[in-house]
2 protein chains.
Amino acid sequence: MADEALSAGAVARRLGVAVTTLRTWHQRYGLGPSRHVPGQHRRYTAQDLNRLEVMLRLTSQGVAPAEAAAWARRTPVPAVVSAPVLPPDVPSPTPILGSGASGRAPMPGDGPDISSRAPGPDFSGPAPVPGHGPDGGGLAIPLGPVVPAARGLARAAMRLDAALMRDILAAAVVETGVVTAWNEVALPVLTGIGERYEATRRFVEVEHLLSRCVTEVLSAVPRPPTATTPRILLAAADEEQHILPLEALAAALAEEGIPTRLLGARVPPQALEDAISRTGPTAVVLWSSIPHPSNATQLARVATHPHPPLLLAAAGPGWQQPDIPEGVARLTALIPALNLLRTVAA
Amino acid sequence: MADEALSAGAVARRLGVAVTTLRTWHQRYGLGPSRHVPGQHRRYTAQDLNRLEVMLRLTSQGVAPAEAAAWARRTPVPAVVSAPVLPPDVPSPTPILGSGASGRAPMPGDGPDISSRAPGPDFSGPAPVPGHGPDGGGLAIPLGPVVPAARGLARAAMRLDAALMRDILAAAVVETGVVTAWNEVALPVLTGIGERYEATRRFVEVEHLLSRCVTEVLSAVPRPPTATTPRILLAAADEEQHILPLEALAAALAEEGIPTRLLGARVPPQALEDAISRTGPTAVVLWSSIPHPSNATQLARVATHPHPPLLLAAAGPGWQQPDIPEGVARLTALIPALNLLRTVAA
DNA sequence: CAATCGACGCAGCAATCGACGCAACCTCAG
DNA sequence: CTGAGGTTGCGTCGATTGCTGCGTCGATTG
């Protein structure tokens, strides 16, 4: 497997970016094949690929591209390479420089120097948490001001990098807890992609994959010991497809030691009633993201159940005022929901 | 026909390529007779011919020649391969033709096809046949003869005891591995409940919860380190809702250290194409549990993608004979699927 | 003497090149 | 809240590169 020099297209496909992007990275950040003659086709060696992967990883962590590039550029060169092989003749080998849209200063003697033109000249040291600058356009997800982790998650999602998405989410959960991880990392990206989808009718696959990763991470939150029987039932309304918020709720409760029973999506009224009859929960949370004619009925049937739960809550934006009978709580956000359910769990 | 060493001309005629091409392939890609002294005539053994056939099949499928060659070169010596179905004569069809339309020819009756429908000799272990034996009675799930764990799982499912279900499944995975846990524990109960549902139109909530637990346990199987980029793409056909089998496949592969990219359910054709374009997978598995008119289109679109995967497989019972183009593998059980994908993972 | 061999050349085509532009996103000033 | 300014990923365009299959040629092989 000696010199498997990959073409630009191959690399692009492998990394999940556009070919043009590779070219742009090369001329904007000098992040290209180490040996490349202008006009000739680019041939990426394993090292070059390595650098690009660093670049990807960093940007996926929320680092601003320009900075990530500066970092990637100085990625360790596999031992056996002698002096910076770069004959002085080469006209304009690696055009660094990032500012001026067109300005491209050859910049004499630019071998190993390169300090990012960004804020700090170059603080060497792996400091993986630099501030984030403006985020890229193009195929990006509108996020607004969010934490870096969310930005990274969005990038990883667009690249369909499930492993990285899981890592980011899991890290967020561990560091900040389920609630914050949900509110500040997962949710912004989820809604961002949702908007993206509404606007372009594309990126369904991104949405799917992200949902799946969120589900996996949430379900990995350790559950309370099986000794305690769940007294809280979480279910989606009939015809309701998404239950990610319920999963977040379940995970958040689990984090506090409160077990729940989470039925899946699209729970028909009959099934819900059966479940209530058979498990006699103290609280029932019904989730609905979009209004549906059957929602009111669903709620009413639970409310008039022979053994109604102590607490019945209608969660999500899918409920409309007239749907909600007396004594049914309304939930629209994670934290209030937690507060409410906590009282019932005692 | 043991050691029938074919000459270059004979092989060329048999494969339908020019003699010069064989020579070119030899010197350019090292794809020639394994034992050959320069200057001497080439003598192709059955193996060598095999390799060439792989080369042909891949290229006629749209794979870039250089890549196809690399692939063919490392083709293991398949012990039992069906004899090359092709009458020895074939005088005319050889498209010797001068220049004119060269390059790629659609080639309807692509002779040397071999494998393509690789999963031929499968039918091994799987046979999920839950059968239906003495029914348990009461609120039970018809299972037939199964391992105790499955019986326990069914009971836990009927009681909506998610924690217990997870425990049972997790234990099965740890003790017997993903494949056996799926085939002998999860699958029987899943199909059992499915039948139950078909018959009574009830227990949807049980089905949901069980699915969810299976998903959770499968997704908890440790994934290979993120360093290795997945080269296998798993996706559900358009309109397809369930992907549990794909999740099992992903988990089983993960268990062997093979990473995958699992898109969610209901992947629209456009999204699938986008994903393929952006990640350039080596293999694509399309799952469909029930026949759907758009299935054929979906498959065809992938097959005619500018960068088709080396291996394209139609998995699940939702595929019908006419849907499946040339060179697309058919998968109906977990073990054969594993065997096939393992070869591509190298 | 027919079939092959290695070397060379050629034409078609897909991939890629550089340049340019666009749209979206973010920041910051007003 | 609005608008200007900077960043960034990527689509598009005409030109170039280089891969690929195969014909041709003089020399060998069987």
Side-chain angles (χ1 to χ4, degrees), chain A residues 5-13 15-29 32-33 36-44 55-56 59 64-69 92 95 98-102 104 117-118 131-146 151 154-155 158-159 192 195-196 199-200, chain B residues 6-13 15-29 32-33 36-44 55-56 59 62 64-69 94-105 277-278 306-307:
Chain A
L6 292 168
S7 73
V11 171
R13 231 168 298 124
L15 297 181
V17 301
V19 184
T20 30
T21 302
L22 287 184
R23 240 178 290 140
T24 304
W25 284 0
H26 189 184
Q27 43 192 73
R28 285 218 264 247
Y29 313 125
H36 169 248
V37 189
Q40 237 71 336
H41 284 191
R42 292 175 175 79
R43 284 293 137 78
Y44 291 86
M55 170 77 174
L56 273 183
T59 54
E67 202 166 345
S92 61
S99 46
S102 58
R104 240 178 347 123
R117 42 92 220 153
H132 65 280
D135 202 41
L139 277 190
I141 300 174
L143 288 179
V146 293
R151 222 164 278 282
R155 272 172 199 284
M158 288 307 283
R159 294 214 327 272
E195 287 167 19
R196 198 58 164 177
T200 64
Chain B
L6 293 166
S7 75
V11 171
R13 232 167 297 120
L15 297 183
V17 300
V19 186
T20 27
T21 302
L22 287 184
R23 240 178 289 139
T24 304
W25 283 1
H26 188 186
Q27 45 192 68
R28 283 219 266 248
Y29 312 124
H36 169 250
V37 191
Q40 235 72 336
H41 284 194
R42 292 175 174 79
R43 282 294 140 78
Y44 290 86
M55 171 77 176
L56 263 187
T59 51
E67 199 175 348
T94 31
I96 15 183
L97 238 291
S99 43
S102 65
R104 58 206 354 280
S277 297
R278 274 188 289 159
H307 283 276

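Naming convention: chains lettered A, B, ... in sequence-line order (proteins, then strands); numbering from 1 in each chain. Since this is a predicted model, take the numbers as computed values, not measurements.
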Paired and unpaired positions of DNA chain D as dot-bracket, Watson-Crick or G-U wobble under 3.5 Å, | denoting a partner strand: ||||||||||||||||||||||||||||||

Taking atom [atom1] of [X] and atom [atom2] of [Y], what is their separation to the nearest 0.5 Å?
{"X": "Met158(A)", "Y": "Arg196(A)", "atom1": "CE", "atom2": "CZ", "value": "7.0 Å"}
{"X": "Arg23(B)", "Y": "Arg28(B)", "atom1": "CZ", "atom2": "CZ", "value": "12.0 Å"}
{"X": "Trp25(A)", "Y": "Leu15(A)", "atom1": "CH2", "atom2": "CG", "value": "7.5 Å"}

Closest heavy-atom pair and its distance - [X], [Y]:
{"X": "Pro33(B)", "Y": "Arg43(B)", "value": "CB-O, 3.3 Å"}
{"X": "Pro65(A)", "Y": "Tyr29(A)", "value": "CB-OH, 4.0 Å"}
{"X": "Ala12(B)", "Y": "Ala18(B)", "value": "CB-C, 4.1 Å"}

5′-ward residue of the pair Val19(B)/Ala64(B) relative to DNA chain D: Ala64(B)

Separation of [N] [atom2] from [X] [atom1] (nearest whole Å):
{"X": "Gln40(B)", "N": "dA3(C)", "atom1": "CD", "atom2": "P", "result": "19 Å"}
{"X": "Tyr44(A)", "N": "dA15(C)", "atom1": "OH", "atom2": "P", "result": "17 Å"}
{"X": "Glu67(B)", "N": "dT20(D)", "atom1": "CD", "atom2": "C1'", "result": "15 Å"}
{"X": "Arg23(A)", "N": "dG11(D)", "atom1": "CZ", "atom2": "P", "result": "11 Å"}
{"X": "Arg151(A)", "N": "dT8(D)", "atom1": "CZ", "atom2": "P", "result": "12 Å"}
{"X": "His36(B)", "N": "dT4(C)", "atom1": "NE2", "atom2": "P", "result": "12 Å"}
{"X": "Arg42(A)", "N": "dT17(D)", "atom1": "CZ", "atom2": "P", "result": "14 Å"}
{"X": "Met158(A)", "N": "dG9(D)", "atom1": "CE", "atom2": "P", "result": "12 Å"}

Out of [options], which nucleotide sits closest to the side chain of [X]?
{"X": "His41(B)", "options": "dT8(D), dC10(D), dC5(C)", "value": "dC5(C)"}
{"X": "Thr20(B)", "options": "dG23(D), dC10(D), dT8(D)", "value": "dG23(D)"}
{"X": "Arg28(A)", "options": "dC17(C), dC22(D), dC10(D)", "value": "dC10(D)"}
{"X": "Ala18(A)", "options": "dC10(D), dT20(D), dC22(D)", "value": "dC10(D)"}
{"X": "Pro65(B)", "options": "dT20(D), dG9(D), dC17(C)", "value": "dT20(D)"}

So does [X] get a side-chain nitrogen or oxygen closer than 4.0 Å to the phosphate oxygens (OP1/OP2) of [N]?
{"X": "His26(A)", "N": "dG18(C)", "result": "no"}
{"X": "Tyr29(A)", "N": "dG9(D)", "result": "yes"}
{"X": "Thr24(B)", "N": "dC22(D)", "result": "no"}
{"X": "Arg43(A)", "N": "dA15(C)", "result": "no"}

Sugar-phosphate only, base, or nothing, as touched by Gln27(B) at under 4.0 Å among non-hydrogen atoms: nothing

Arg42(A) and Leu22(A), any side-chain heavy atoms less than 4.5 Å apart: no

Backbone N/O of Thr59(A) and side chain of Arg155(A): donor-acceptor pair under 3.5 Å: yes

